[in-house]
Novice: 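One structure, pasted below without further comment.
The shown structure was predicted, so the numbers you read here are calculated from the model rather than taken from an experiment.
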Amino acid sequence: MSHPLTEQNIEAILERCQETLAGLAESLNQCFDLSVQIEAGESGCWLPDEAASEFQGPGAVAVIAVGDQALGVIIPAGLPLPGWYTRPGENEKSRLDTLAMEWSLNMLPEELEAGQTATFSVPSGVMAIARMQPEDWAATLDLIVRRPDGSSSTTLKLVWPLTAPVFAGEAPPPAAAEKPRPASPASPAAAPTDKSSGRIGRLSSVPVQISVLLAEKRIPMGQMLSITPGALITFNKSCEDLLDLYVNNSLYCRGEAVKIGENFGIKINQVGAVRVRPGKVIDT
């Protein structure tokens with residue numbers, strides 16, 4: 001078992017969050033189409049019975065795994081969250097996943113490596129955190145969200161460490177879900193399903209190489225040999241054009257370049273993108 005979140009690195013996480021408030025706000029704005037700023041509020045210990053009413057009600061939770069523990073951020077529905085957050089489509093689900101991933105880069109010091117991340121809706125922020133079993137000494141940080149004109153504010157609550165993180169909303173209660181029929185021992189359909197899910201599970205851990213192509217062009221060999229430090233090479237590509245992301249040298253999706261803290265990232269706009277081939281040179 002790996003327990004990297006300790007009482008000793010509480011201050012390091014607090015300091016990192018305070019340094020990257022602009023990045024945290026940018027991710028929140030891109031996810032929910034907002035225009036807000038984030039300020040660091042009070043830090044303290046997790047006391048669920050004393051949590052403000054806004055955290056007791058519905059909203060969303062962003063979960064960032066670190067080893068077998070996690071950090072959780074309660075995002076109250078009164079942020080305000082858009083109507084789609086409880087039933088996100090594919091595009092909205094991608095936004096929520098990106099929010100937690102970007103926050104992991106902005107919240108964790110370099111010595112702590114993030115694992116799985118997710119953002120999902122919850123009927124109660126406090127109950128969702130309780131479900132993930134925070135340590136008795138769990139720390140908190142209030143992230144105060146303000147509109148640029150200061151007209152209104154909402155508070156997000158960062159809580160860590162959580163010892164039993166989950167990465168999806170609660171499943172429907174057994175009474176509401178259809179009971180599966182028990183499979184007969186002689187049923188031939190049961191075995192292939194288990195084998196298939198096992199193969200998929202093993203494939204999910206296979207590492208793949210991803211790369212982003214900024215631009216490309218052909219130049220004469222003589223021009224290439226004359227390249228020296230300080231030389232400027234131009235490309236016939238607009239700065240606003242989408243970038244191609246390759247998985248193992250195969251085009252997989254396209255997106256726009258974004259800044260995540262001090263790092264470069266890509267926000268996906270199209271999945272399964274295919275290069276547009278030029279039409280016929282001579283019309284017939």
Novice: Is the number of heavy atoms from other residues, nucleotides or ligands under 6.0 Å of Ile210 CD1 greater than 12?
Specialist: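 No, because the 6.0 Å sphere around CD1 of Ile210 holds 12 heavy atoms or fewer from other groups.
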Novice: The criterion is side chain to side chain donor-acceptor pair (under 3.5 Å); which residues satisfy it with Lys267, sequence neighbours excluded?
Specialist: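 Side chain to side chain donor-acceptor pair (under 3.5 Å) list for Lys267, sorted by chain: empty.
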Novice: Looking at residues at least two apart in the chain, or sitting in another chain, which of them share a ring-ring contact (aromatic ring centres under 6.0 Å, His included) with Trp137?
Specialist: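 Partners of Trp137 by the ring-ring contact (aromatic ring centres under 6.0 Å, His included) criterion come out as none, since no residue qualifies.
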Novice: Can you list everything that forms a salt bridge (Lys or Arg N to Asp or Glu O under 4.0 Å) with Arg146? Sequence neighbours excluded, please.
Specialist: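 Salt bridge (Lys or Arg N to Asp or Glu O under 4.0 Å) check on Arg146 returns Glu39.
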Novice: Identify, with sequence neighbours excluded, every residue that meets side chain to side chain contact (heavy atoms under 4.5 Å, CB included) alongside Pro80.
Specialist: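 Expected list: Arg147.
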Novice: Among residues two or more places apart or on two chains, list those pairs meeting salt bridge (Lys or Arg N to Asp or Glu O under 4.0 Å) that have a residue in residues 94-112.
Specialist: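 Residue pairs with at least one partner in residues 94-112: Asp33-Arg95, Lys93-Asp97.
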Novice: Would you give me the side-chain donor-acceptor pairs under 3.5 Å for residues 17-25, sequence neighbours excluded?
Specialist:
unit_1: Thr20; atom_1: OG1; unit_2: Arg16; atom_2: O; d: 3.0
unit_1: Thr20; atom_1: OG1; unit_2: Asn106; atom_2: O; d: 2.6

Novice: Which residue pairs pass the ring pair (Phe, Tyr, Trp, His ring centres under 6.0 Å) test when at least one of the two sits in residues 56-93, sequence neighbours left out?
Specialist: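 Listed by first then second residue: Phe32-Trp84.
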Novice: Under the side chain to side chain donor-acceptor pair (under 3.5 Å) test, which residues partner Thr6, sequence neighbours left out?
Specialist: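 Checked Thr6 against side chain to side chain donor-acceptor pair (under 3.5 Å); matches are Gln8.
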Novice: Suppose we screen for side chain to side chain donor-acceptor pair (under 3.5 Å). Which residues come up paired with Asn269, at least two apart in sequence or across chains?
Specialist: Glu256
Novice: Can you list everything that forms a salt bridge (Lys or Arg N to Asp or Glu O under 4.0 Å) with Asp49? Sequence neighbours excluded, please.
Specialist: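 Result, salt bridge (Lys or Arg N to Asp or Glu O under 4.0 Å) vs Asp49: none returned.
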Novice: With sequence neighbours excluded, tell me which residues meet side chain to side chain contact (heavy atoms under 4.5 Å, CB included) with Val166.
Specialist: Phe120, Arg131, Met132
Novice: Which residue pairs pass the salt bridge (Lys or Arg N to Asp or Glu O under 4.0 Å) test with at least one member in residues 156-166, sequence neighbours excluded?
Specialist: Asp142-Lys157
